[in-house]
Every structure is written in structure tokens, then in C-alpha cells.
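Input: a single structure, listed below in C-alpha cells.
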Amino acid sequence: MKLVVISNRVAPFDPNKPQTGGLAAGLEPVVERSGAVWMGSSENRGDGSEQPVPLVKTGAGDVARLNLPEADHSGYYTGFSNSTL
């Protein structure tokens with residue numbers, strides 16, 4: 001069985017920079033060591049047609065970044081995830 005984590009965004013996973021924020025700092029080592037999959041929005045915008053979302057190998061785990069369409073980004077990420085939650 002594999003752990004799958006879904007969050008509002010996925011950290012950049014840059015080995016040359018320390019993670020900022022509790023979620024990124026806590027999940028990065030879990031994904032890299034356990035083989036978990038972490039899925040969330042990326043910093044990029046898309047048109048919503050990317051299917052399936054590609055998995056990027058990160059240590060023993062994988063990361064899936066969804067490029068949200070511009071129309072959904074402000075309502076979902078900025079509005080719901082950062083304001084409401």
C-alpha cells in the first residue's frame with residue numbers, strides 16, 4: 001500500500017534550498033524516504049488538459065504537480081486554500 005498526500009500545492013523540492021513552511025518541511029523527507037506520492041498544484045498555469053498528471057521521481061517517492069488554469073488559480077489557491085482554510 002502507498003501513501004498518497006493531496007494538498008493545495010507541492011513544494012519545489014530544490015536540494016540546494018531549505019524548505020519553508022511546515023507542510024513542505026514535514027512532507028519532503030516523508031516523500032523522499034517512504035515512496036509516498038504527493039499531489040497538488042504547481043506554481044505554473046495550464047489549460048486543464050494535462051492528463052494524466054506526470055509523476056516526477058523524488059527520492060523513493062513521486063510528486064505530481066497540476067498546472068491549474070488561470071481562472072481556477074485565484075479562486076482555488078488564493079481564495080479557498082489560503083483565505084478560507
Side-chain angles (χ1 to χ4, degrees):
M1 185 162 54
K2 187 174 267 200
L3 173 66
V4 176
V5 178
I6 300 173
S7 65
N8 64 328
R9 74 173 183 88
V10 176
F13 282 85
D14 184 342
N16 298 315
K17 297 179 185 175
Q19 287 298 342
T20 58
L23 184 65
L27 279 179
E28 182 177 314
V30 171
V31 171
E32 290 178 332
R33 295 179 190 142
S34 73
V37 176
W38 185 5
M39 181 177 184
S41 66
S42 72
E43 297 175 353
N44 302 318
R45 304 299 166 263
D47 61 8
S49 65
E50 192 176 357
Q51 294 182 5
V53 176
L55 293 175
V56 176
K57 200 67 167 157
T58 305
D62 295 284
V63 172
R65 291 180 179 89
L66 175 64
N67 297 329
L68 291 174
E70 186 63 45
D72 295 332
H73 183 267
S74 64
Y76 165 71
Y77 184 76
T78 305
F80 179 69
S81 295
N82 283 343
S83 297
T84 304
L85 297 178

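- Rounded to the nearest 0.5 Å, atoms CG (Leu66) and CG (Asn44) are 11.0 Å apart.
- Atoms CG and CG, from Asp47 and Leu68 in turn, are 11.5 Å apart once rounded to the nearest 0.5 Å.
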Please list every donor-acceptor pair under 3.5 Å in which a side-chain atom of residues 32-40 meets a protein atom from a residue at least two apart or in another chain.
from	atom 1	to	atom 2	distance (Å)
Ser34	OG	Val30	O	2.5
Ser34	OG	Ala36	N	3.2
Trp38	NE1	Ser7	OG	2.7

**Request:** Decide yes or no on side-chain contact (heavy atoms from CB on, under 4.5 Å) for Asp62 and Lys2, but give the supporting numbers first.
**Result:** CA-CA 11 Å; Asp62 295 284; Lys2 187 174 267 200; 4.0 Å; yes

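- The cluster map of Ile, Leu, Val, Met, Phe, Trp and Tyr, joined by side-chain heavy atoms under 4.5 Å apart, puts Leu3 and Val10 in the same cluster.
- Here the closest non-hydrogen pair linking Arg45 and Asn67 is C-CB, 3.9 Å.
- A pairwise comparison of heavy atoms in Val53 and Arg65 identifies CG1-O, 3.4 Å as the closest pair.
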**Message:** Please evaluate residues Val5 and Leu27 with respect to the criterion side-chain contact (heavy atoms from CB on, under 4.5 Å), reporting the C-alpha separation (whole Å), side-chain torsions for both, the decisive distance (0.1 Å), and the verdict.
**Reply:** CA-CA 9 Å; Val5 178; Leu27 279 179; 3.6 Å; yes

